[in-house]
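Read the structure below first, then the notes.
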Amino acid sequence: IRIDKWLWAVRLFKTRTLAADACRGGHVRVNGEIAKPAREIRPGDVLSARTGDLTRTCKVLAVLEKRIGAALVPQYAEDQTPAAEYQRVRERAQNAAASRAPGAGRPTKRDRRQMQAWLDLPPPPPDV
């Protein structure tokens, strides 16, 4: 089966077009080699796909042609992504919430609450 179809079927990418574009862009590797969208995959292959900030690593357990429910994915793909990769993405998201672009204006109420949660500050007292 084509790699772009498999990546879409096991829900690594939201659409098959996104999976094919990632392959064309060199963001997908099969056994360490850059893969084109039409590359055939077999059980036992190890895939590495960059989706946004996260680089996910999966082992192909079985091939399939149709998209499946999220609960069935472990039957077809074994997630081998290191925990450090998930932690790196989590930390980057937390740091992005804490920083504001210069000239972005006054923080909104939502921004203020996010900053307080990030800094573990108690909420301000209510106005009397």
Rounded to the nearest 0.5 Å, what's the gap from [atom1] on [X] to [atom2] on [Y]? Could you check?
X: Asp4; Y: Asp21; atom1: CG; atom2: CG; value: 9.5 Å
X: Ser48; Y: Asn31; atom1: OG; atom2: CG; value: 11.0 Å
X: Arg29; Y: Arg39; atom1: CZ; atom2: CZ; value: 11.5 Å
X: Arg2; Y: Ile41; atom1: CZ; atom2: CD1; value: 11.5 Å
X: His27; Y: Thr51; atom1: NE2; atom2: OG1; value: 10.5 Å
X: Arg50; Y: Leu12; atom1: CZ; atom2: CG; value: 14.5 Å

Kindly give the heavy-atom pair with the smallest separation between [X] and [Y], and that separation in Å.
X: Ala49; Y: Val28; answer: CB-CG2, 4.2 Å
X: Ala20; Y: Pro37; answer: O-CG, 3.7 Å
X: Trp6; Y: Tyr76; answer: CZ2-O, 3.4 Å
X: Ile1; Y: Glu40; answer: N-OE1, 2.9 Å

Arg90 pairs by side chain to side chain contact (heavy atoms under 4.5 Å, CB included) with which of Gln87, Arg88, Arg92?
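When side chain to side chain contact (heavy atoms under 4.5 Å, CB included) is applied between Arg90 and each of Gln87, Arg88, Arg92, only Gln87 qualifies.
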Salt bridge (Lys or Arg N to Asp or Glu O under 4.0 Å) between Arg42 and Asp45, intermediate numbers included
CA-CA 6 Å; Arg42 293 178 177 80; Asp45 287 344; 5.6 Å; no
Is the shortest side-chain heavy-atom distance between [X] and [Y] below 4.5 Å?
X: Val30; Y: Glu33; result: no
X: Pro107; Y: Met115; result: yes
X: Leu7; Y: Leu47; result: yes

Exercise answer: donor-acceptor pairs, residues 55-75 side-chain atoms, under 3.5 Å, sequence neighbours excluded:
{"from": "Glu65", "atom 1": "OE1", "to": "Lys5", "atom 2": "NZ", "distance (Å)": "3.3"}
{"from": "Arg67", "atom 1": "NH1", "to": "Trp8", "atom 2": "O", "distance (Å)": "2.6"}
{"from": "Arg67", "atom 1": "NH1", "to": "Phe13", "atom 2": "O", "distance (Å)": "3.4"}

